[in-house]
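As the structure is a prediction and not an experimental result, all values here were calculated from the model. Only this structure's heavy atoms are used, side chains among them; waters, hydrogens and symmetry mates stay out.
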Amino acid sequence: MHPRRTVRAALPVAGLALSLTAALAPAQALQPSPGSPNSGDSILPTMGNGGYDARDYAIDLAWKPKDRRIVATTRIRSVAKKSLSSFNLELTGLRVREVRVDGRPAAHRRDGRELTVIPLRAIRKGDTFRTTISYAGRPRTLDDPKLGKSGWIMTGDGATALSEPIGSETWFPVNNTLRDKATYSIAVDVPRSVKAASNGRLVGRDVRRTRTTWRWRENRLMSPYLVTVSIGRYRMFRSQTSDGLPLVTFVDSELGRQRSARRSLPRVIDFLERRFGRYPFASSGMIIDRLRVGYALETQSRPVFPGSAPDYLIVHELAHQWFGNSVTPDDWRHIWLNEGFATYAEWLWDAREQNDPGVPQENFDFYYEIYGPESRFWKVPPGDPGSVGKLFARPIYDRGAMALHALRMRVGTPDFNRILRLWARRQAYGTASVGDFKRLAEQVSGRQLDGLFKAWLYTPEKPRGY
């Protein structure tokens, strides 16, 4: 054997192979292929889809109260992240009448909640494309033993869509992952006897003889679980905050005028702006409806409250406008970034109302003392609850708030306040992780916080030494 001669002889062939590979690689990379039918979320791995980024939804929906149906068209403007031969959306129930991509008829197929769209022509990476889906039927209410009721919730005089975490797909086709934020235009055609609330600004009403179309626009990016439509016999109230933020509130006509809640709303927004920075959206308000769901929801710019809106709930859902809605977790396991922060905002509000800055420490001490080391309270780590059934467990909220107070004790109140404001400002309208928050806290405080974050957010046992 002559290794040196063998190597010399092989060099031209190897060089040719490398040059061919380099030449073919770009072409192969551009070959169209199906988009992923899931987004890879660690808690809800089958939710959402890959291969494209939805940029804007335009939903036109007509409500037919006699048979409780909708007739709707959703137009989605997206950008391809790879060359696509097909792509997926989620749509539960409802009958698809027609699908078009860039104005051309497109084939489609249904597999459970997955709607696969096969365009007439492949979509190239980087291209903007528009999908139009016409559909109709009775939207479903999802009733999950672990998550409760969500989706399209029927009421005596209409319906309200509550979508956390997956309910949006019951009434419009969507890339149903919190990572794919988009802007929304929502037009709701209803009988004149009812009103239709939604997200963002009320940009117009088309009033006809028997029906009215309510037109809403959310220009700031919004995750699908925060989208709502609420139809009912409402009283509508307009007001504004001290700095001119418009407030539009809808109250079920059988729930009175809710004066106390309406008076509290601008006070709460003013308070939260002083703590976290400017309110992140162009409008705010509330929807107070007769709902039997057992929870309020921070639907973007206009939270939904079941039956009444006490101050602590208003504070919680309005705090989410900064923490959860503007700054959205990039994975459902990071839900502490929503619920721990909103719960801590309640503690800060209580301190203001009681004129006692020691309230957060008192709350921390209370929970720390009443739950012993063996309590189940400590078994769910807020930074990674581990399963869908624990997404809304009390430790995510209360232990989550305690984790923030532990951070405040470690870094001091001035740095803590700066961390929260910077977090809300730097991550505005995007998605982020607990790791991103930890890096910011370390940057601002100049402290190494591995131990604190591990003990309070990732260890299923009671932190020691407090």
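At distances below 3.5 Å, at least one donor-acceptor pair connects side-chain atoms of Thr141 with backbone N or O atoms of Trp152. Formation of a donor-acceptor pair under 3.5 Å by the Lys81 side chain with backbone atoms of Asp53 is not found in this model. A donor-acceptor pair under 3.5 Å is absent between the side-chain atoms of Arg418 and the main chain of Val444, judged by distance alone. No donor-acceptor distance shorter than 3.5 angstrom exists from the side chain of Arg201 to the backbone of Arg217, with no hydrogens or angles considered. A donor-acceptor pair under 3.5 Å is formed between the side chain of Ser326 and the backbone N or O of Tyr429. Between the side chain of Thr183 and the main chain of Arg55, a donor-acceptor pair closer than 3.5 Å is present. At least one donor-acceptor pair closer than 3.5 Å links the side chain of Thr459 to the backbone N or O of Lys454. Distance alone, capped at 3.5 Å, is enough to place a donor-acceptor pair between the Tyr135 side chain and the Trp171 backbone. For the pair Ser301 (side chain) and Gly200 (backbone), a donor-acceptor distance under 3.5 Å is present. Judged purely by atom type and a 3.5 angstrom limit, Asn175 uses its side chain to pair as donor or acceptor with the backbone of Asn49.
Summarising the geometry of Trp322 relative to Ala424, their closest heavy-atom pair is CD1-CB, 4.0 Å, with the distance given to 0.1 Å. Between Ile314 and Ala261, the shortest heavy-atom contact is CD1-O, 3.8 Å. Closest approach of Asn199 to Gln300, counting heavy atoms only: ND2-O, 3.0 Å. Between Trp378 and Tyr371, the shortest heavy-atom distance links the atoms NE1-O, 3.1 Å. Scanning both residues, Arg399 and Trp456, for their nearest heavy atoms gives NE-O, 3.2 Å. Smallest separation of non-hydrogen atoms from His320 and Asn338: CE1-O, 3.1 Å.
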Inset, instruction - Kindly indicate, with the supporting measurements, whether the criterion side-chain contact (heavy atoms from CB on, under 4.5 Å) is fulfilled by Lys149 and Leu162. - result: CA-CA 8 Å; Lys149 288 186 177 181; Leu162 300 176; over 6 Å; no

Inset, instruction - Evaluate the criterion ring pair (Phe, Tyr, Trp, His ring centres under 6.0 Å) for residue pair Phe437 and Phe341; output intermediate values, then yes/no. - result: CA-CA 12 Å; Phe437 181 74; Phe341 287 52; 5.1 Å; yes

Inset, instruction - I would like to know whether Leu265 and Arg262 meet side-chain contact (heavy atoms from CB on, under 4.5 Å); could you show each step before the answer? - result: CA-CA 5 Å; Leu265 178 62; Arg262 290 191 291 112; 5.9 Å; no

Inset, instruction - For Asp60 and Arg75, run side-chain contact (heavy atoms from CB on, under 4.5 Å): C-alpha distance rounded to whole Å, both residues' side-chain angles, the deciding distance at 0.1 Å, then the answer. - result: CA-CA 9 Å; Asp60 289 280; Arg75 299 171 180 86; 2.9 Å; yes

Legend entry - Worked verdict on Asn38 versus Thr46 for side chain to side chain donor-acceptor pair (under 3.5 Å): CA-CA 5 Å; Asn38 61 69; Thr46 64; over 6 Å; no

Legend entry - side-chain contact (heavy atoms from CB on, under 4.5 Å) between Met286 and Leu247, worked out: CA-CA 8 Å; Met286 299 180 290; Leu247 307 176; over 6 Å; no

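Side-chain contact between Glu362 and Asp356 is present, with at least one heavy-atom pair separated by less than 4.5 Å. Residues Asp450 and Glu442 have side chains in contact (heavy-atom distance under 4.5 Å, counting atoms from C-beta outward). The closest side-chain heavy-atom distance from Lys438 to Leu457 is not below 4.5 Å. With contacts defined as side-chain heavy-atom distances shorter than 4.5 Å, the pair Leu147/Leu142 does not qualify. Counting heavy atoms from C-beta on, the side chains of Pro385 and Trp332 never come closer than 4.5 Å. Using a 4.5 Å cut-off on side-chain heavy atoms (C-beta onward), Leu89 and Leu91 make no contact. Using a 4.5 Å heavy-atom threshold, the side chains of Arg235 and Gln258 count as separate. Between Trp349 and Arg352 there is a side-chain heavy-atom pair separated by less than 4.5 Å.
The side-chain contact (heavy atoms from CB on, under 4.5 Å) with Pro139 is formed by just one residue from the set Ile70, Leu61, Thr92; it is Ile70. Of the residues listed (Phe323, Phe416, Phe364), the one engaging Tyr344 in a ring pair (Phe, Tyr, Trp, His ring centres under 6.0 Å) is Phe416, and it is the only one.
Ion pairing between a basic and an acidic side chain is recognised when a charged N comes within 4.0 Å of a carboxylate O; Arg439 and Asp436 show such pairing. The pair Arg302-Glu218 does not count as a salt bridge, with every side-chain nitrogen at least 4.0 angstrom from each carboxylate oxygen. Between Arg130 and Asp56 there is no salt bridge, since no side-chain nitrogen of the basic residue lies less than 4.0 Å from a carboxylate oxygen of the acidic one. The existence of a salt bridge linking Arg290 and Asp252 is confirmed by a sub-4.0 Å separation between a basic side-chain nitrogen and an acidic carboxylate oxygen. A salt bridge is defined here as a Lys NZ or Arg NE, NH1 or NH2 lying under 4.0 Å from an Asp or Glu carboxylate O, and Arg333 with Asp41 fails to meet this definition.
Ring geometry, Phe172 versus Tyr57: the interplanar angle exceeds 60°, so the pair is classed perpendicular (tilted spans 30 to 60°).
In the model, Asp415 has no side-chain atom that pairs as donor or acceptor with a side-chain atom of Ser445 under 3.5 Å. For the residue pair Ser168 / Asn176, no side-chain donor-acceptor distance below 3.5 Å is found, with atom types taken as modelled. No side-chain N or O of Gln354 forms a donor-acceptor pair with one of Asp350 less than 3.5 Å apart. Judged purely by distance below 3.5 Å, without hydrogens or angles, the side chains of Tyr234 and Asp289 pair a donor atom with an acceptor atom.
By the 6.0 Å contact criterion, CZ on Arg220 is open, its count of non-hydrogen atoms from other residues, nucleotides or ligands being 12 or less. In the displayed structure, Lys462 atom NZ is contacted under 6.0 Å by more than 12 heavy atoms of other residues, nucleotides or ligands. Other residues, nucleotides and ligands place more than 12 heavy atoms under 6.0 Å from the CZ atom of Arg208. Within 6.0 Å of atom CG in Asp111, 12 or fewer heavy atoms from other residues, nucleotides or ligands are found, so the atom counts as exposed in its surroundings. Enclosure of atom CZ in Arg233 is not indicated, since only 12 or fewer non-hydrogen atoms of other residues, nucleotides or ligands lie within 6.0 angstrom. Other residues, nucleotides and ligands contribute over 12 non-hydrogen atoms within 6.0 Å of the CZ atom of Arg113. Annotation for Arg274: atom CZ counts as buried by contact number, over 12 foreign heavy atoms lying within 6.0 Å. Summarising the local packing, CZ of Arg211 is surrounded by more than 12 heavy atoms from other residues, nucleotides or ligands at distances under 6.0 Å.
For the atom pair OG1 (Thr170) and CZ (Arg138), the distance works out to 14.5 Å, reported to the nearest 0.5 Å. Of the inter-residue distances, the one linking Ser230 atom OG with Ile288 atom CD1 reads 11.0 Å to the nearest 0.5 angstrom. Atom CG of residue Leu245 and atom CZ of residue Arg278 lie 7.5 Å apart, to the nearest 0.5 angstrom. How far CG of Asn219 is from OH of Tyr184: 13.5 Å, rounded to the nearest 0.5 Å. Taking CD from Glu164 and CG from Leu178, the interatomic distance works out to 9.0 Å, rounded to the nearest 0.5 Å. Atom CE of Met154 is separated from atom OG1 of Thr160 by 9.5 Å, given to the nearest 0.5 angstrom.
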